[in-house]
Amino acid sequence: MKRYLITGCAGFIGSNFVHYMLKKYDDILLVNLDKLTYAGNLENLKSVENDKRHIFVQGDICDEKLVRELFLKYDFDYVINFAAESHVDRSIKNPEIFVESNVLGTVNLLQRAKDAWYDDKAKTWKEGKKYLQVSTDEVYGALGPEGYFTETTPLSPHSPYSSSKASADLFVKAFHDTYGMPINITRCSNNYGPYQFPEKLIPLMINNVKHHKQLPVYGDGMQIRDWLYVEDHCKAIDMVCSNGKIGEVYNVGGHNERPNIFIVKTIISQLHDRLNDEEISEALIKHVEDRLGHDRRYGIDPEKIKNDLGWYPETPFEKGIVLTIDWYLENEEWMNNVTSGNYQKYYDEMYKAKV
Ligand code: NAD
Ligand code: DAU
């Protein structure tokens, strides 16, 4: 039985990964270490709370003692690090926590994995172990109208968030280059799908449209993101963990580039038709002050993961966006729970000068 330490899996991608893995494998143990920040939500894992293959531990990836104890108790084969502060706008307001969780937390996980897996005397690593860092295309910076990010594109992050993720990637690389640690890094484009916290573009717009609230589009709305359905990202992580060549970086993306304004208009038109609501129209769109240092375009070249591991994105955007809207409409209570309390304070602070 393979034993995984998975971190940050009460959040968006991590919880989808838990569901994906438990559906796919019977003989598996997932120990999920999550601090439960504002973005961590045990409701995302409700359907698996009695599943013996998943153990939830509330805690911080920066906690040296706790992570050491978990390694001793479970003798992990794999560490997959999803845990991070993940929102660019928050990083612009408050960068320090991004250094703590994203950089120091990663270094703590690397150190504890090395303690558990490396035989200092023999100078060898235990067989079959791997550390996988879930990173992002944002570490490459921004593209002009042409070209794509490949695995050899130089790192050139712009925001405090992407700088913290790039720093973490460099530490993961350093553990491989210095100690020979078995690692992989995945760098994925923008994900969308169920359980995404509504500070991010797609769930925020779905929620605002539904409530006839203004739709804050940053700047001209012509920034381009390469959207991938979250389940396809989970599949890629599983494939890289099982079969990725040690030491390699894999970009993950589906050649699905769309300007933000297209995404917003798609959500408006879908919800207008589905809810048969004439108050839902493009008049809700409000172009607001742009994000500081806003990256203009991201676009992934996924050839390496396709050629080496046989991964491909299964869910076309037209299908994925319908599945996503369906999910948020069917899970009104989930949305109401996450948007009550502190969310309102966050929204007012972030958007008060804007909308
Ligand atoms: P998220 O914000 O939804 O979830 C992050 C989770 O990490 C939360 O459950 C939170 O409680 C937990 N966490 C934060 N700090 C922690 C700490 N110090 N110790 C333990 N747990 C902690 O994020 P997400 O969108 O699911 O992203 C997951 C990972 O994937 C991140 O590393 C992110 O950089 C990366 N990524 C995200 C996207 C995307 O589009 N969302 C794309 C590519 C890569
Ligand atoms: O590219 C991968 C990254 O995608 C991940 O590493 C990050 O964790 C994830 O948050 C995401 O970053 P973005 O900044 O691209 O995602 P966000 O949903 O915040 O914004 C998407 C685009 O929409 C971006 O160009 C900013 C714009 N936007 C966003 C919000 C929240 C708006 O125009 N209005 C908004 O209210």
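FYI, side chains are in, hydrogens and waters are out, and symmetry mates aren't considered; it's all heavy atoms of this structure.
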Side chains of [X] and [Y]: do they bring a donor and an acceptor to under 3.5 Å?
| X | Y | result |
| --- | --- | --- |
| Asn44 | Trp334 | yes |
| Asn102 | Glu85 | no |
| Ser164 | Ser167 | no |
| Arg274 | Asn276 | no |
| Asp137 | Ser189 | no |
| Asn251 | Tyr140 | yes |
| Asp277 | His272 | no |
| Asn81 | Gln133 | yes |
| Asn208 | Tyr347 | yes |
| Thr315 | Asp232 | yes |

Going by an N to O cut-off under 4.0 Å, is there a salt bridge joining [X] and [Y]?
| X | Y | value |
| --- | --- | --- |
| Asp115 | Arg112 | yes |
| Lys129 | Asp75 | yes |
| Glu349 | Lys93 | no |
| Lys126 | Asp77 | no |
| Asp119 | Lys121 | no |
| Glu69 | Lys73 | no |

Quick one: is the NZ or CZ of [X] closer than 6.0 Å to the six-membered ring centre of [Y], and within 45° of its axis?
| X | Y | result |
| --- | --- | --- |
| Arg225 | Tyr298 | yes |
| Lys114 | Tyr131 | no |
| Lys354 | Tyr351 | yes |

Taking the six-membered ring for Trp, are [X] and [Y] parallel (under 30°), tilted (30 to 60°) or perpendicular (over 60°)?
| X | Y | answer |
| --- | --- | --- |
| Trp125 | Trp117 | perpendicular |
| His255 | Tyr148 | perpendicular |
| Phe197 | Tyr38 | perpendicular |
| Tyr20 | Phe17 | parallel |

Hey, does the side chain of [X] reach the backbone of [Y] with a donor-acceptor pair shorter than 3.5 angstrom?
| X | Y | value |
| --- | --- | --- |
| Thr178 | Phe175 | no |
| Asp226 | Ile300 | yes |
| Asn108 | Ile61 | yes |
| Arg297 | Pro145 | yes |
| Tyr250 | Lys245 | yes |

Going by the salt bridge (Lys or Arg N to Asp or Glu O under 4.0 Å) test, which pairs reach into residues 138-150, not counting sequence neighbours?
none
Determine which pairs satisfy salt bridge (Lys or Arg N to Asp or Glu O under 4.0 Å) with at least one residue from residues 184-200, sequence neighbours left out, and list them in order.
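Listed once each, the pairs are Arg90-Glu199, Asp169-Arg187.
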